[in-house]
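Comments concern the structure below.
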Amino acid sequence: MRTIELLAPAKNLECGIAAIDHGADAVYIGAAKFGARQSAGNTVEDIATLCNYAHQFGAKVHVTVNTIIYNNEMDDMLQLVRELEKVHVDALLIQDMGLLKACKETLKTKIALHASTQCDSRTAEKVAWLASLGFERVVLARELSVKEISAIHKAVPQVELEAFVHGALCVSYSGICYASQYCFGRSANRGACSQFCRMAFDLKDSDGKIIEKQRYLLSLKDMCQIDNLEELIQSGACAFKIEGRLKDINYVKNVVSAYNKRLNEIVRKYPNQFKRASLGKVEYSFTPDLNKTFNRGYTNYFVQGRQPNIFSPNTPKALGEFVGKVKELRRDSFNVASTASFANGDGLCFINSETKALEGFRVNRAVGNRLFPYKMPNGLQPGMGLYRNQDQAFEKELSGNSAKRLIAITMTFGLTENGYSLEIKLVDELETKLSAKATINFEHQAAQKPQRENIIKQLSKLGNTIYNCENIEIVDEADQYFIPSSILAELRVMQ
């Protein structure tokens with residue numbers, strides 16, 4: 001049986017905890033420095049807190065130390081590695097082969113070493129070479145198809161393969177883009193990408209004639225593989241990665257939830273082939289919707305082979321979900337032909353037919369399908385498609401506690417020679433066979449009234465713990481004896 005991991009981004013501790021709560025099997029997070037996102041650093045103390053939280057569910061924490069390391073930085077880098085080891089991180093993502101060698105010599109405990117996507121891994125030969133150096137997992141290039149991933153897995157089945165499934169796309173293979181460094185002196189491989197591919201350009205022919213003016217010709221749509229997850233799993237990949245260490249907490253909540261639900265559907269479909277990599281079931285107070293979170297329009301990229309229509313030339317910003325067409329304009333308002341509902345504060349946008357650029361505006365007041373912007377956009381015309389990239393009602397649903405993750409347990413309550421016992425077992429698909437047993441001394445006294453209902457009531461009080469009791473079995477006729485609620489509570493707490 002193969003273990004399947006959903007890997008989520010964490011800009012900070014709050015996002016990391018939210019990812020775990022909403023169904024991630026693992027999170028990846030940057031330390032204070034040496035990560036491929038300079039603006040997404042975290043203290044070792046916060047990473048320690050995240051590890052403690054994640055490990056309750058058997059979930060893992062991967063730390064990104066995936067920049068190129070200069071010689072004068074190696075001592076500081078290895079000091080950070082030792083600190084991360086002390087707080088029990090589960091994996092390090094590495095690009096620099098010198099750092100890999102130093103980590104193997106420095107680490108005293110078993111921390112998994114993963115080859116970052118910056119290593120540009122797209123062939124079986126490259127993956128085999130990385131494995132020979134000591135990497136146990138390789139993060140594949142985003143540009144691979146299902147067939148290519150399958151071929152790599154068949155050639156090197158002993159290596160864990162991690163594939164991106166959602167989020168922003170670079171126009172170049174990761175790790176080999178030097179445009180930012182060349183143009184602005186900011187190295188993408190040092191975590192300082194200037195987002196060169198999100199800039200506007202003029203396209204000229206050989207005679208200097210402008211064919212396209214100020215268009216985002218290198219800006220790709222966002223990847224979305226939620227409808228291809230089953231094929232990706234069957235290809236041999238074991239970890240499925242959501243991009244977004246610069247994204248906010250609501251992005252993490254929504255995207256993780258959508259992929260968690262789909263992965264669970266696949267696991268239920270193939271119960272003898274696949275299982276999730278962590279414990280716990282999630283209950284949501286909202287319905288995940290990928291169209292309602294940040295995206296530049298979606299593409300499945302090259303998962304089914306090279307495809308056209310993968311770029312977003314009109315804007316590098318969020319387009320959002322299509323919500324209808326403009327029907328009729330008035331001086332200070334317009335109405336929309338749509339089945340969508342709108343709220344005050346919604347962010348809407350449209351493609352200006354003259355400039356071909358994305359223009360956005362805020363809804364000041366919504367009365368049914370008649371919308372009153374704060375200021376009427378000049379380029380808005382009847383018949384134009386309208387998109388929503390800020391959904392106030394959905395954002396409100398995501399604020400606060402939008403999910404609860406609980407680990408199922410069973411309890412067995414029985415007699416001992418001098419008192420009572422309580423055994424707790426996990427109900428899980430990972431075959432962990434974890435259990436705990438406690439006993440307490442208390443005289444056996446025949447009960448004058450039935451005790452079963454109170455025993456179940458008291459033992460089921462799990463409060464704000466991460467556990468949910470699915471069944472309590474009473475053996476040895478233990479419910480025939482009187483036992484105070486305080487003793488039952490003490491026995492439960494001893495677990």
Side-chain angles (χ1 to χ4, degrees), residues 3 5-67 69 73-96 98-118 134-137 139 160 162 191 239 241-242 244-247 249 252 256 277-280 405 407 430 432 434 464-466:
T3 300
E5 177 184 280
L6 176 59
L7 179 58
K11 177 171 67 174
N12 51 34
L13 174 60
E14 183 185 22
C15 287
I17 290 176
I20 299 298
D21 285 344
H22 289 72
D25 299 301
V27 297
Y28 62 104
I29 188 170
K33 51 186 176 179
F34 304 120
R37 291 288 186 272
Q38 283 186 355
S39 56
N42 296 273
T43 65
V44 172
E45 289 75 19
D46 277 356
I47 293 173
T49 300
L50 181 58
C51 286
N52 291 334
Y53 190 80
H55 291 167
Q56 297 178 102
F57 299 95
K60 296 181 178 180
V61 176
H62 306 173
V63 177
T64 58
V65 287
N66 54 343
T67 61
I69 309 299
E73 298 172 329
M74 189 59 78
D75 288 343
D76 286 346
M77 178 72 255
L78 293 179
Q79 178 59 35
L80 174 61
V81 167
R82 285 187 284 269
E83 291 175 6
L84 293 171
E85 182 179 29
K86 289 179 183 178
V87 301
H88 308 295
V89 302
D90 300 284
L92 299 177
L93 278 83
I94 294 173
Q95 172 188 189
D96 191 305
L99 176 58
L100 170 68
K101 182 176 183 294
C103 282
K104 290 169 64 179
E105 295 170 350
T106 300
L107 292 169
K108 297 178 181 179
T109 58
K110 176 61 176 173
I111 295 180
L113 301 176
H114 296 177
S116 172
T117 191
Q118 275 73 25
F135 288 112
E136 64 182 68
R137 178 183 292 186
V139 186
E160 295 180 1
E162 182 174 304
K241 189 170 194 171
I242 298 166
R245 281 200 298 121
L246 298 180
K247 299 295 198 304
I249 190 169
V252 172
V256 168
S278 61
L279 303 168
R405 182 170 180 170
I407 298 174
L430 302 184
T432 53
L434 292 178
N464 292 323
T465 69
I466 61 170

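All values below were derived from every heavy atom in this structure, side-chain atoms included, with hydrogens, water molecules and symmetry-related copies excluded.
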Would you check, one step at a time, whether the test side-chain contact (heavy atoms from CB on, under 4.5 Å) holds for M74 with L78? CA-CA 6 Å; M74 189 59 78; L78 293 179; 4.1 Å; yes
Would V63 and I29 count as a side-chain contact (heavy atoms from CB on, under 4.5 Å) here? Give the steps. CA-CA 5 Å; V63 177; I29 188 170; 4.2 Å; yes
Derivation of the side-chain contact (heavy atoms from CB on, under 4.5 Å) call for V65 and M77: CA-CA 8 Å; V65 287; M77 178 72 255; 3.4 Å; yes
Taking it one step at a time, do V256 and I20 satisfy side-chain contact (heavy atoms from CB on, under 4.5 Å)? CA-CA 9 Å; V256 168; I20 299 298; over 6 Å; no
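Side chain of N42 to main chain of K11: a donor-acceptor pair is present (N/O by atom type, distance under 3.5 Å, no hydrogens or angles). Without hydrogens or angle criteria, N66 side chain to S116 main chain gives no donor-acceptor distance under 3.5 Å. Judged purely by atom type and a 3.5 angstrom limit, D21 has no side-chain atom pairing as donor or acceptor with the backbone of R405. For E105 (side chain) and A102 (main-chain N/O), no donor-acceptor pair under 3.5 Å exists by modelled atom type. Judged by distance alone, the side chain of D90 and the main-chain N or O of H62 form no donor-acceptor pair under 3.5 Å.
Pairing each heavy atom of I242 with each of Y28, the nearest pair is O-OH, 2.6 Å. Smallest separation of non-hydrogen atoms from C15 and K247: SG-O, 4.1 Å. Taking both residues in full, the closest heavy atoms of C103 and V81 are given as SG-CG2, 3.9 Å, listed atom of the first, atom of the second, then distance. When all heavy atoms are compared, the tightest approach of L107 to L92 is CD1-CD1, 4.5 Å. Heavy-atom minimum distance, A277 versus D25: N-OD1, 3.7 Å. The two residues A59 and A24 come nearest to each other via the heavy atoms CB-O, 4.2 Å.
Judged as a side-chain hydrogen bond (donor to acceptor under 3.5 Å, both in side chains), and not counting sequence neighbours, H88 has no contacts. Not counting sequence neighbours, the partners of K241 by the side-chain hydrogen bond (donor to acceptor under 3.5 Å, both in side chains) test are E162. E83 meets the side-chain contact (heavy atoms from CB on, under 4.5 Å) test with V44, Q79, L80; sequence neighbours excluded.
Considering CG of L93 and CZ of R137, their distance stands at 8.5 Å, rounded to 0.5 Å. A distance of 8.0 Å separates CG of L113 from NZ of K104, quoted to the nearest 0.5 Å. Interatomic distance, CD1 of I94 versus CZ of F135, reported as 5.5 Å (0.5 Å rounding). Of the inter-residue distances, the one linking I466 atom CD1 with L279 atom CG reads 8.5 Å to the nearest 0.5 angstrom.
The closest side-chain heavy-atom distance from T67 to D96 is not below 4.5 Å.
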